[in-house]
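Everything numeric here is computed off the predicted structure, so don't read it as measured data. The first residue of the sequence shown is numbered 1, and numbering continues consecutively from there.
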Amino acid sequence: MTLREIVSRLRKDPADAWYYVQGNIRLFIYRRRPWLIRRHIREQFEYRKTAANECYTGGACKCCGCETPGVFFADKGCAIAKKVQCSHFGKPCYPKMMGRRAWSIYKKFI
């Protein structure tokens with residue numbers, strides 16, 4: 001992806017800049033000191049990687065273009081609902097990042 005494409009995408013949705021930074025910082029920490037990432041965040045990361053395995057290729061999400069696996073650590077959910085070109089995939093792969101209690105309830109039903 002070129003710099004021009006990145007800037008264009010960030011102008012459309014500035015929150016993506018925050019999610020990019022957040023996801024990549026968490027990924028950096030996870031790869032070096034995984035115990036510093038809270039358990040429910042790590043579990044959701046692993047769940048998201050599995051749930052979205054059909055929605056990304058070549059290191060980027062087919063819907064939003066965010067780099068994987070960094071996007072799986074960001075608080076945002078799957079961007080399928082916001083993107084017209086992704087409507088053929090059906091429902092979102094994963095919800096937004098949940099807190100500890102919400103995650104413990106959610107994972108009982110997946």
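For Q22 (side chain) and D75 (main-chain N/O), a donor-acceptor pair under 3.5 Å exists by modelled atom type. In terms of modelled atom types and a separation under 3.5 Å, the side chain of R39 and the main chain of R100 share no donor-acceptor contact.
Side chains of W103 and E43: a donor on one and an acceptor on the other come within 3.5 Å.
Atom NZ of K107 sits in a crowded spot, with more than 12 heavy atoms from other residues, nucleotides or ligands closer than 6.0 Å. In this structure, F28 places its CZ atom where only 12 or fewer heavy-atom neighbours from other residues, nucleotides or ligands lie under 6.0 Å away.
Side-chain contact between V71 and R48: absent, with no pair of heavy atoms (C-beta onward) separated by less than 4.5 Å. Contact annotation: the side chain of W35 approaches that of R33 to within less than 4.5 Å [non-hydrogen atoms, C-beta and beyond].
Hydrophobic clustering (ILVMFWY, side-chain heavy atoms < 4.5 Å, transitive): W18 and I25 are in distinct clusters. Neither Y47 nor Y19 shares a network with the other; the hydrophobic side chains, linked directly or stepwise wherever heavy atoms of I, L, V, M, F, W or Y lie under 4.5 Å apart, form separate groups for each.
Here the CG-CD1 distance, from L36 to I41, works out to 13.5 Å after rounding to the nearest 0.5 Å. A distance of 11.0 Å separates OH in Y94 from CD in Q44, rounded to the nearest 0.5 Å. Atom CD1 in I29 sits 11.0 Å away from atom CG in N24 (nearest 0.5 Å). Atom CZ of F73 sits about 8.5 Å away from atom CZ of R42, to the nearest 0.5 Å.
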Exercise. For Y30 and F45, what are the C-alpha separation, side-chain angles and deciding distance, and is it a ring-ring contact (aromatic ring centres under 6.0 Å, His included)?
Worked result: CA-CA 10 Å; Y30 177 76; F45 169 73; 5.0 Å; yes
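Between A51 and C93 the shortest heavy-atom distance is CB-O, 3.5 Å.
With respect to F72, the side-chain contact (heavy atoms from CB on, under 4.5 Å) criterion is satisfied by exactly one of M97, K49, E46: K49.
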